[in-house]
Amino acid sequence: MKKWLLIAGATLVLAGCGNSNAEDGSDFPNKNIEIVAPASPGGGWDLTARSVQKALQDNDLVTENINVQNKPGGGGEVGWKYLEKKDAHTLAVNSSLVITNNLLGTSELTHEQFTPLAILSTEWLSIAVAPDSPYSNIEELMNAIKEDPKSIKIGVGPALGNNDHLSLVQLAGEYGIDAKDLNFLVYEGGGDVVTALLGGHVDFVTTSMSEVKEQHLAGKLKILGISAEEREEDLEDVPTYQEQGVDMVFPHWRGIMGPPGMTEEEIAYWDEQLAAMAETELWQEIVENNDWESYYMNSEETSAFLKEQTAMYKGLVEDAGMGQ
Amino acid sequence: MKWFKLGMPIFLMVVGLGFLISAINLPKANLGNPNGPLYFPVGISILLIVLSVIYLIQELRKARESNDHIRELFSGRTPVLIISTIVLGVVYALIFETLGFLVSTILFLGALLFVVNGPRKWVSNIIVTLAFSFMTWYAFGELLGVSLP
Amino acid sequence: MDAFIEGLTTSLQPINIMWIVIGGFLGTVVGMLPGLGPATAVAVLIPVTFGMDPVSALILMAAIYYGAMYGGSRSSILLNTPGDGSAIAATFDGYPMARQGKAGEAMALSAVASFVGGIMAVFGFILLAQPLANFALRFGPAEYFLLMLLTLSAIVSLSMGKMVKGFIAMSLGLLIGTIGIDTQSGVYRFTFGITELSEGLDFLIVIIGIYALGEVLFNFLTIDEDSKKERKKVGKIWFTKDQWKRSLMPMLRSGPLGFIIGVLPGAGGTIASMLSYSSEKQISKKPEEFGKGAPEGLAAPESANNAASVGAMIPLLTMGIPGSGTTAVMLGALIMLGIRPGPLLFENQPETVWTLVNSMFIGNVALVIINIVLVGLLVKILDTPAKILYPLIVMLAFIGTYTLSYTAFDFFLLILFGYFGLVMKILDFPLAPLILAAIVGGDMEQNFRMALASSNGSLGIFFGSGVSIALFVLIILSLCYPLIVKAFQRRKAEPTS
């Protein structure tokens with residue numbers, strides 16, 4: 001109860017600030033706001049965009065109308081190209097694809113062309129096996145791969161070069177395995193990957209923790225490790241990679257960015273509203289229901305974070321054998 | 001109208017060849033079998049080329065047979081209708097995102113009705129155009145929440 | 001059992017009945033419109049469901065899904081313009097029936113067929129959900145490849161008498177399916193640097209182009225003659241005893257078939273309806289009437305695709321695995337509402353599951369009524385002068401296309417396929433092999449390569465399980481069946497000659 005009050009209080013204060021800012025005579029924003037989800041309705045990006053819309057609007061953080069625009073295609077590229085030509089009333093949801101698309105040679109765009117505004121949430125990645133699998137921890141699994149990489153079938157989806165894939169590349173690298181030797185079966189989506197594991201068609205899968213959590217709790221499969229900093233609530237029996245002696249934390253984050261050339265005033269406005277939004281009860285509830293985790297960073301922190309991530313991904317893409 | 005019947009197998013051959021050539025020139029895969037992405041399209045495009053040749057021979061044999069539909073295609077105002085629909089569609093595609101849904105749809109549907117239904121019935125054309133443009137705009141944009149330009 | 005009763009009473013609450021009716025009606029409407037399928041309808045409702053009771057939201061979304069199966073065939077029958085893959089089979093005999101002045105009968109029959117399939121599938125759900133979910137897991141890449149190959153070969157074998165054209169259409173469809181990023185390797189194929197093509201060509205554009213736009217262009221050939229000899233006759237709005245008798249067994253056979261295929265993740269209504277159509281044609285005593293307005297040729301696929309939509313709920317609810325585009329969107333929405341479909345749902349919230357099952361029962365009853373009432377209204381579409389109706393269909397085709405990926409670039413593809421559809425119709429090419437190949441072609445190739453990757457290149461994997469051997473036998477049967485029939489006919493014909 002106390003915690004709840006605190007959050008509500010913080011929200012009120014922050015919301016109050018937001019309103020006073022608008023009254024200070026700054027005329028931004030002055031028309032409808034548009035949030036671009038660079039994907040079809042239903043996926044993580046779309047859900048993020050619609051949740052931001054809902055949380056900003058229902059808490060009266062932004063009084064202008066907010067619309068979600070779906071612009072799917074090219075792993076985000078279509079939507080982000082669209083954003084490039086807009087003003088600060090348009091924002092777009094993003095993720096590490098805004099970095100890796102360029103590294104993988106599928107896009108000319110880089111995150112530097114846009115204005116970073118915030119990182120909002122993250123999911124964690126995981127490695128899961130069948131309950132009767134001979135491997136009971138990450139080390140055993142990695143040693144088996146090292147011995148005969150081709151003999152172990154790995155389920156991944158929906159595309160190579162995504163975080164599910166690259167996090168395994170990093171993990172394998174830590175054990176001195178050449179990621180180019182791994183035997184991947186690439187499925188259409190996260191759900192198909194889980195089905196393949198349940199049906200015994202692959203030996204292990206690398207996927208978001210949320211995809212396998214329920215199955216793990218039901219005893220239908222076993223999560224060997226997660227890429228988070230610490231153990232998850234409800235999954236106390238699953239150790240992190242770090243605990244198993246691998247020095248890596250791998251977030252699968254989602255954030256939001258604005259078009260190029262935003263003024264400092266506009267950046268400040270969004271910093272304020274998005275920070276306030278991240279504190280709202282509604283946002284916290286959405287985050288929890290989706291098995292996401294709050295991962296808020298403001299515009300400045302995001303900017304630094306993206307630089308750091310770019311360097312890391314550059315190495316991983318090379319290791320994966322997908323560098324250009 | 002013989003060229004129309006023979007045009008199809010030749011067109012299909014060109015499509016098959018186009019796919020075959022671009023398939024052979026696909027970049028090698030960095031992961032897994034380097035030729036993995038190549039086999040299937042190469043196989044299918046060869047199949048398409050072979051089938052088109054058989055089809056061409058079949059058509060040459062019965063070149064004299066007449067096809068009612070082809071006759072109709074070049075008679076009356078059919079060619080005008082088909083070409084105008086295609087041209088108007090292209091124009092619609094070009095103006096849709098700049099002029100916005102409502103304006104471009106009114107122009108497109110109105111023009112199409114004038115061509116198909118005839119300029120004589122201009123009153124009903126205009127009524128139908130306006131009514132349906134607004135109706136779809138409202139149904140898709142407002143009720144179903146589809147983001148229209 | 002308690003949970004079942006509790007589910008029944010929950011689903012009978014007036015508010016939930018209201019959601020069932022609203023969802024069913026909305027589904028019927030979006031099913032009729034080209035391109036705008038149940039997946040989009042569910043997705044745009046996500047913000048609305050935020051404020052709803054999660055169970056009501058689940059009921060509403062499911063009702064949209066199977067409501068779209070009812071609605072999908074309306075435009076197939078009336079205008080030969082299916083709105084989605086699963087409605088294509090309804091054009092084969094539904095549209096000829098409409099042309100013969102039996103539009104009302106066809107629509108009533110297809111509504112009842114959907115009902116029969118839906119109800120059978122709901123019972124199947126109650127009795128078999130868990131074992132079937134486990135059975136579906138046995139489908140690996142090899143089995144999926146063979147299932148898709150079976151569907152393709154069954155459809156191509158339908159184009160008897162014009163086999164070469166059938167195979168050409170199939171190859172074209174398969175090539176269309178290869179456009180876009182190659183999942184196994186990440187290589188971009190045939191995109192020519194166009195970003196919009198990088199995730200492949202949406203098969204719905206092919207459907208809308210070839211069927212909706214192509215059909216209008218094709219009708220322009222005779223537009224000035226047609227308006228003189230008005231085809232006002234729409235027939236009765238109820239089917240005849242003879243039509244019912246012919247359709248009953250095919251419906252009862254197709255329901256379970258569709259249901260089982262629906263349970264397989266990724267297979268879905270298109271494959272279900274196509275397979276049921278072709279198998280009914282093959283076992284029919286009057287196969288020559290198929291494609292010319294045979295009532296059973298309409299009833300069978302309609303029963304199958306609705307049963308498949310119920311079957312698709314099984315992997316979603318028992319394993320949390322979406323088996324189709326729509327259930328994928330539903331999964332996202334449910335998670336946001338705090339319902340986590342998966343193995344624990346049956347254990348922790350059985351009443352939620354049974355409420356849904358009961359609501360599907362009620363929903364199918366409501367939908368058959370809604371759709372039969374709508375028949376009287378919908379046949380009026382045929383009264384609209386063709387010269388006004390066709391421009392309107394063209395406009396709807398464009399807007400439907402826009403809703404697929406929100407870019408006017410797709411309009412160019414639509415026009416391209418519309419023109420190509422016209423040429424195919426003029427030259428008497430079968431359309432179904434092209435569409436079906438475009439739908440399943442991509443997955444077929446990927447599954448083939450995954451199967452080989454998992455067996456380290458050995459083809460033995462395609463005979464590695466009971467399921468795959470059974471599928472193989474069916475493929476051989478479906479390919480040889482026309483030959484067997486021909487042989488029999490010849491033998492019969494010989495003594496008289």
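All values below come from the heavy atoms of this structure, side chains included, with hydrogens, waters and symmetry mates left out. A, B, ... follow the sequence lines: proteins, then strands. Residue 1 opens every chain.
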So what's closer than 4.5 Å to chain C heavy atoms on B:V128: side chain, backbone, both or neither? side chain
Under 3.5 Å, is there a donor-acceptor pair between the side chain of C:E445 and the main chain of B:F40? no
Contact part of B:F101 toward chain C, heavy-atom cut-off under 4.5 Å: side chain, backbone, both or neither? side chain
For B:F96, is it the side chain, the backbone, both or neither that has a heavy atom under 4.5 Å from a heavy atom of chain C? side chain
Among C:L427, C:L175, C:L172, C:L452, which residue forms the greatest number of heavy-atom pairs with chain B at distances under 4.5 Å? C:L175
Ring centres under 6.0 Å, that's the criterion: do C:F167 and B:Y55 meet it? no
C:R449, part contacting chain B, at a heavy-atom distance under 4.5 Å: side chain
As an exercise: rank C:V216, C:T183, C:D182, C:D428 by heavy-atom pairs under 4.5 Å with chain B and give me the winner. C:D182
Is the closest side-chain heavy-atom distance between B:E72 and C:F220 below 4.5 Å? no
Ignoring hydrogens and geometry, is there a side-chain-to-backbone donor-acceptor pair from C:R189 to B:A23 under 3.5 Å? no
Measuring from C:Y390:OH to B:N117:CG, what's the distance to the nearest 0.5 Å? 13.0 Å
Yes or no on side-chain contact (heavy atoms from CB on, under 4.5 Å) for C:F398 and B:F108, after CA distance, side-chain angles and deciding distance? CA-CA 11 Å; C:F398 275 90; B:F108 174 63; 3.7 Å; yes
Where on C:I415 is there a heavy atom nearer than 4.5 Å to chain B: the side chain, the backbone, both, or neither? side chain
Quick check on side chain to side chain contact (heavy atoms under 4.5 Å, CB included): which of B:L113, B:N125, B:L88 does C:P391 satisfy it with? B:L113
Tell me, for C:L392 versus chain B, whether the close heavy atoms (under 4.5 Å) come from the side chain, the backbone, both or neither. both
Taking every non-hydrogen pair under 4.5 Å, which of C:F411, C:Y419, C:Y188 racks up the most with chain B? C:F411
Apply side-chain contact (heavy atoms from CB on, under 4.5 Å) to the pair C:F412 and B:L94, showing each step before the final yes or no. CA-CA 9 Å; C:F412 295 111; B:L94 294 174; 3.8 Å; yes
Tell me, side chain or backbone of B:L26 under 4.5 Å from chain C's heavy atoms, or both, or neither? side chain
Can you tell me which portion of C:F448 sits under 4.5 Å from chain B's heavy atoms? Options are side chain, backbone, both or neither. neither
Under 4.5 Å from any heavy atom of chain C - which part of B:T85: side chain
Using a cut-off of under 4.5 Å for heavy-atom pairs, which of C:T178, C:D410, C:L414, C:I388 has the most such pairs with chain B? C:I388
Contact class of C:F409 relative to chain B, heavy atoms under 4.5 angstrom: neither
So, the part of B:L12 with a heavy atom under 4.5 Å from chain C: the answer is side chain
Region of B:V115 that comes under 4.5 Å of a non-hydrogen atom in chain C: neither
What part of C:L422 lies closer than 4.5 angstrom to a heavy atom of chain B: side chain, backbone, both or neither? side chain
